[in-house]
A.B. asks: 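After the C-alpha cells below, expect a handful of questions from me.
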Amino acid sequence: MNHKQTAQQIVQMIGGEDNVNMYTHCVTRLRFILKDKSLVDEAGIKAIDGILGVVDRGGQFQIVIGGEVERVFNELPAFLPHVAQDKPLSDDAPKNQTASVAATEEKKSPFQAVMSYISASIAPTIVVIVACGLLNAILAIAVQLGLDPESSTVVTLRSFTQIGFTYLPVWLAVSAARYLKTDSFIAAFLSVSCIVVFSNLEGVTLFGLTVPTVNYGSAIVPVLLMVPVLSVLDRFLAKHLHKNLTYMFKPLLCSVIMLPLILFVFGPVGALVGTALVNFCLFLMDFGPLSMAALAALHPITVIFGMHSLFTPILVNELASYGVTYVLCRALAANFAMAGAALGVGLRAKKAQNKSLGISASITALLAATEPALYGVLIPFKRPLIAACAAAGVAGIAVGVFQVHAYSMGSFNLFTLAYTIGGDTMTNFYIACGCAALAFVLGVVFAWLFGIKEED
C-alpha cells in the first residue's frame with residue numbers, strides 16, 4: 001500500500017478538507033466526523049487499494065483499513081492541515097465551521113451522542129490497560145518458570161502495573177475532557193484527589209455533611225458523569241466571569257464546585273452504576289455457556305455495525321472490579337472462528353485469487369486484525385460469515401463452560417492470547433488456547449461445508 005497516496009485519495013473521496021470536522025483512528029479504522037455525508041463517494045472509497053469497507057455509525061464515518069491504519073493516518077495531516085485530530089475544532093474556529101460542528105452533533109440521537117462520548121473517552125486509555133496486562137502476563141510466566149513471586153523485582157513491577165488500573169479514572173478524565181473541550185488538568189486534578197484523599201474514607205464530613213464511602217480507585221463511571229458537568233460549568237464561567245478574573249477564578253470555582261458534586265452525587269451514583277454493570281456480568285455468567293455462545297456468535301455482526309464498542313465500558317468495569325474480564329473472551333471465540341472461516345474459503349475456493357485472498361486474510365487474522373477476513377472474505381461470500389458465527393457460537397460454549405477470562409483487554413490473536421495469562425497457574429491460558437484452536441478448526445470445517453459461490 002502506498003500510504004500517502006491512499007490518504008490523499010481518501011480525503012478526496014470524503015469531500016475534501018472542507019468537509020471534515022475531526023478525524024482520528026482506532027486499531028483498524030480511520031474515523032471521521034463529517035459536515036455533509038452526501039458529499040462522500042463510498043464506491044470510490046471501497047475501490048481504493050487496501051480499503052476493506054466503510055461503516056457509518058454513531059455520527060462517525062469509519063473507513064476500515066486493518067493493520068495499516070496508523071500509517072495511513074500519519075499521512076492525513078498533509079492533506080488535512082487545518083483540521084484537528086482527536087478533538088473537534090476549537091471555539092475560535094470560523095463561525096461557519098463551528099456551526100457545521102454543531103449541526104453534525106445535532107444529527108446524533110441522544111444514545112449515539114452518549115456512546116460516542118464514552119467510546120472517545122475510553123479508547124485512548126486502553127493502551128495503558130494493554131501495557132499493564134501484558135506486563136502482568138510476562139510476570140506470571142516468569143513466576144511459572146521459577147522466579148520468586150516475593151522477590152523485589154516481581155513485587156515492584158506488579159505495583160507498577162497496578163498503578164495503571166488504580167489510576168485509570170485519571171487517564172479517562174484527561175481523554176474525556178479533551179473530547180468535550182474542557183480543562184483536562186482540572187479534570188485530572190479532581191480525579192486524583194478523589195482517589196488519593198477520599199477513596200474508602202469513613203466518617204468524613206464536608207460542609208457538615210457526611211461524605212459517602214466510595215472507592216474511587218479504578219472507578220470509571222464517576223469520571224464519565226463528572227466531566228460533562230465540568231464542561232458546562234467551564235463554559236458558563238468563561239462566558240460570565242470578567243476577562244481579568246477568568247485566569248484566577250475559573251479553575252478555583254471549577255474545583256470547589258465540582259468536588260462536592262463528585263463526593264455527594266457522581267461518586268455514589270457511579271458506584272451504583274458500576275455495581276449494576278458487575279451484576280450484569282454475573283448475570284451473564286449465571287447462564288454460562290448459553291450467554292457466551294450468543295455473545296460470541298453475534299460478535300462478527302456487532303463489528304460490522306460498529307456496535308462492539310458498546311461492550312467497552314462493561315469490559316473496563318470488569319477489569320476495574322475483578323481484575324479480570326469474562327465478556328471480552330467472546331471475541332476470543334469469534335476472532336479465531338473468523339480466521340478459520342477465511343482459511344476455509346481459501347481451501348474451498350477454485351479461483352487462485354480467492355484462494356490467495358482467503359489464506360492471506362486468515363494469516364492476518366491470526367497474527368493481527370480480523371477486519372481483512374471479515375470485510376474482504378466473509379461478508380462478500382456471505383456463507384462463510386454464517387459459518388464463522390456458527391463456529392464462534394460453538395466455541396463460545398466451551399469458553400463459558402470453563403469460564404475463560406482475560407487479565408487485559410484488546411483484540412484477540414495468537415500474540416494477545418497472553419491476555420489470558422495471570423493468577424497462580426497457567427490453566428486459564430491453556431484452556432484459552434484450546435478454545436481458540438477449537439474455534440479456528442470449526443471455522444475451517446463449517447466454511448468448507450457451507451461452501452462459497454464464486455462469480456464466473
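The first residue in the sequence is number 1, and the count goes up from there.
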A.B. asks: Would you find a donor on one side and an acceptor on the other, under 3.5 Å apart, between the side chain of Ser356 and the backbone of Gln353?
C.D. replies: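 No.
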
A.B. asks: Can you tell me how far OH of Tyr216 sits from CG of Asn200, rounded to the nearest 0.5 angstrom?
C.D. replies: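 Asn200 CG to Tyr216 OH: 10.0 Å, rounded to 0.5 Å.
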
A.B. asks: Tell me if the CZ atom of Phe264 is crowded by more than 12 foreign heavy atoms within 6.0 Å.
C.D. replies: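 Enclosed.
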
A.B. asks: Checking the side chain of Gln62 only, and the main-chain atoms of Phe32 only, is there a donor and an acceptor separated by less than 3.5 Å?
C.D. replies: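 No, the answer is negative, given that no donor and acceptor are paired below the 3.5 Å cut-off.
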
A.B. asks: Working note: His405 + Asn428, criterion side-chain contact (heavy atoms from CB on, under 4.5 Å); need CA distance, chi angles, decisive distance, verdict.
C.D. replies: CA-CA 7 Å; His405 48 275; Asn428 181 68; 3.3 Å; yes

A.B. asks: With a 4.5 Å cut-off on side-chain heavy atoms, are Leu139 and Phe160 touching?
C.D. replies: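 They are not in contact (no side-chain heavy atoms under 4.5 Å apart), so the answer is no.
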
A.B. asks: Which atom names give the shortest non-hydrogen contact between Val404 and Cys435, and what distance separates them?
C.D. replies: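 Nearest pair, atom of Val404 first, then Cys435: CG2-SG, 4.1 Å.
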
A.B. asks: Can you tell me how far the CG atom of Leu206 sits from the CG atom of Leu259, to the nearest 0.5 Å?
C.D. replies: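 The CG atom of Leu259 is 6.5 Å from CG of Leu206, to the nearest 0.5 Å.
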
A.B. asks: Could you go through the side-chain contact (heavy atoms from CB on, under 4.5 Å) check for Ile10 and Ile65 one step at a time?
C.D. replies: CA-CA 11 Å; Ile10 288 173; Ile65 297 178; 4.3 Å; yes

A.B. asks: Donor-acceptor pair, distance only, cut-off 3.5 Å: does the side chain of Gln403 make one with the backbone of Tyr326?
C.D. replies: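 No, Gln403 side chain to Tyr326 backbone: no donor-acceptor pair under 3.5 Å.
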
A.B. asks: Are any of the side-chain heavy atoms of Val303 and Leu374 separated by less than 4.5 Å?
C.D. replies: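 Answer yes - side chains close enough.
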
A.B. asks: Return the OG1 to CG distance between Thr161 and Leu135, rounded to the nearest 0.5 Å.
C.D. replies: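 The OG1 atom of Thr161 sits 5.5 Å away from the CG atom of Leu135.
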
A.B. asks: Are any side-chain N or O atoms of Thr213 and backbone N or O atoms of Leu201, one a donor and one an acceptor, separated by less than 3.5 Å?
C.D. replies: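 Yes, Thr213 side chain to Leu201 backbone: donor-acceptor pair under 3.5 Å.
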
A.B. asks: My understanding is that only residues two or more places apart in sequence, or in another chain, count here; which of them pass ring pair (Phe, Tyr, Trp, His ring centres under 6.0 Å) with Phe412?
C.D. replies: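 Applying ring pair (Phe, Tyr, Trp, His ring centres under 6.0 Å) to Phe412 gives Tyr419.
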
A.B. asks: Kindly compute the distance separating CD1 (Ile51) from OG1 (Thr6), expressed to the nearest 0.5 Å.
C.D. replies: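 OG1 of Thr6 is found 6.0 Å from CD1 of Ile51.
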
A.B. asks: Kindly say whether Glu75 contributes a backbone atom to a donor-acceptor pair with the side chain of Lys4 at under 3.5 angstrom?
C.D. replies: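 Pair absent, no side-chain N/O of Lys4 close to backbone of Glu75.
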
A.B. asks: For the atom pair CE (Met338) and OG1 (Thr370), what is the distance rounded to the nearest 0.5 Å?
C.D. replies: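 Those atoms lie 4.0 Å apart.
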
A.B. asks: Counting heavy atoms not belonging to Asp49, are there more than 12 under 6.0 Å from its CG?
C.D. replies: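 No.
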
A.B. asks: I'd like to check the side-chain contact (heavy atoms from CB on, under 4.5 Å) partners of Val54; sequence neighbours left out, ordered by chain and number.
C.D. replies: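 Counting only residues at least two positions away or on another chain, Val54 forms a side-chain contact (heavy atoms from CB on, under 4.5 Å) with Glu42, Ile45, Lys46, Phe61, Ile63.
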
A.B. asks: Holding to side chain to side chain donor-acceptor pair (under 3.5 Å), I want the full list of residues that pass it with Thr166, two or more places apart in sequence or in another chain.
C.D. replies: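 Scan of Thr166 (side chain to side chain donor-acceptor pair (under 3.5 Å), adjacent residues dropped) gives Gln162.
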
A.B. asks: Are the side chains of Val40 and Met13 in contact, using a 4.5 Å heavy-atom criterion?
C.D. replies: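 Not in contact.
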
A.B. asks: Pair Val221, Phe266 - check side-chain contact (heavy atoms from CB on, under 4.5 Å), show working.
C.D. replies: CA-CA 8 Å; Val221 180; Phe266 303 135; over 6 Å; no

A.B. asks: According to side chain to side chain donor-acceptor pair (under 3.5 Å), who are the partners of Ser360, at least two apart in sequence or on a separate chain?
C.D. replies: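 With neighbours one apart ignored, the set is empty.
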
A.B. asks: Over all heavy atoms of both residues, which pair between Ala173 and Ser191 is shortest? Give the atoms and the distance, please.
C.D. replies: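 Heavy-atom minimum between the residues: CB-CB, 4.2 Å.
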
A.B. asks: Relative to the ring of Trp171, is the ring of Tyr167 parallel (under 30°), tilted (30 to 60°) or perpendicular (over 60°)?
C.D. replies: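 Geometry flag for Trp171 against Tyr167: tilted rings.
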
A.B. asks: Using only heavy-atom distances, determine whether the side chains of Glu68 and His3 contain a donor-acceptor pair under 3.5 Å.
C.D. replies: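 Note: Glu68 and His3 side chains meet the donor-acceptor criterion.
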
A.B. asks: Could you tell me whether the side chain of Phe415 reaches within less than 4.5 Å of the side chain of Leu367, counting heavy atoms only?
C.D. replies: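 Counting from C-beta outward, Leu367 and Phe415 do come under 4.5 Å.
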
A.B. asks: Tell me whether the count of non-hydrogen atoms from other residues, nucleotides or ligands lying under 6.0 Å of CZ in Phe165 goes above 12.
C.D. replies: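 Buried by this count: over 12 neighbours within 6.0 Å.
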
A.B. asks: Find out whether Lys37 and Ile14 are in side-chain contact, i.e. whether some heavy atom of one side chain is under 4.5 Å from a heavy atom of the other.
C.D. replies: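 With C-beta onward as the side chain, the pair stays apart.
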
A.B. asks: Quick one about Thr425 and Thr427 (side-chain donor to acceptor, distance below 3.5 Å, no hydrogens or angles considered), yes or no?
C.D. replies: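 Yes, because at least one side-chain N or O of Thr427 sits under 3.5 Å from a partner of the opposite role on Thr425.
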
A.B. asks: Any non-hydrogen side-chain atom of Arg178 less than 4.5 Å from a side-chain atom of Val174?
C.D. replies: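 Contact flag for Arg178/Val174 side chains = yes.
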
A.B. asks: Between side-chain atoms of residues 120-132 and protein atoms elsewhere (two or more places apart, or another chain), which donor-acceptor pairs fall under 3.5 Å?
C.D. replies:
from, atom 1, to, atom 2, distance (Å)
Ser121, OG, Tyr117, O, 2.7
Thr125, OG1, Ile122, O, 2.6

A.B. asks: Only counting residues at least two apart or in another chain, list the ones meeting side-chain contact (heavy atoms from CB on, under 4.5 Å) with Ala339.
C.D. replies: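 With sequence neighbours excluded, Ala339 shows a side-chain contact (heavy atoms from CB on, under 4.5 Å) to Ser362, Ala365, Leu366, Phe440, given in chain and number order.
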
A.B. asks: Under 4.5 Å between any side-chain heavy atoms of Met426 and Ile421, yes or no?
C.D. replies: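 Yes - at least one pair of side-chain heavy atoms lies under 4.5 Å apart.
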
A.B. asks: Using only atom types and a distance under 3.5 Å, with no angle test, would you say the side chain of Ser231 pairs donor to acceptor with the backbone of Val227?
C.D. replies: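 Answer holds: no.
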
A.B. asks: Working note: Leu190 + Ile262, criterion side-chain contact (heavy atoms from CB on, under 4.5 Å); need CA distance, chi angles, decisive distance, verdict.
C.D. replies: CA-CA 9 Å; Leu190 290 166; Ile262 297 171; 3.9 Å; yes

A.B. asks: Between Ser175 and Leu172 (side chain of the first, backbone of the second, donor and acceptor by atom type, cut-off under 3.5 Å), is there such a pair?
C.D. replies: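 Answer holds: yes.
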
A.B. asks: For Thr420 and Tyr407, which heavy atoms make the closest approach, and how far apart are they?
C.D. replies: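 Looks like O-CE1, 3.6 Å.
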
A.B. asks: Can you measure from CZ (Arg383) to CZ (Phe450) and round to the nearest 0.5 angstrom?
C.D. replies: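 Nearest 0.5 Å value for the CZ-CZ distance: 10.0 Å.
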
A.B. asks: Sub-3.5 Å donor-acceptor pair from the side chain of Arg158 to the main-chain atoms of Val155, do we have one?
C.D. replies: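 Between the backbone of Val155 and the side chain of Arg158 there is no qualifying donor-acceptor contact (under 3.5 Å).
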
A.B. asks: List the atom of Ala395, the atom of Leu438, and the distance in Å for their closest heavy-atom pair.
C.D. replies: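 For Ala395 and Leu438, the tightest heavy-atom pair comes out as CA-CD2, 4.1 Å.
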
A.B. asks: Thr416 versus Ser411: any side-chain heavy-atom pair under 4.5 Å?
C.D. replies: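 With C-beta onward as the side chain, the pair stays apart.
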
A.B. asks: Ala187 and Ala177: which non-hydrogen atoms are nearest, and at how many Å?
C.D. replies: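 Ala187 and Ala177 have their closest heavy atoms at CB-CB, 3.9 Å.
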
A.B. asks: Minimum heavy-atom separation for Pro268 to Val214, with atom names?
C.D. replies: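 Taking every non-hydrogen atom into account, N-CG2, 4.0 Å.
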
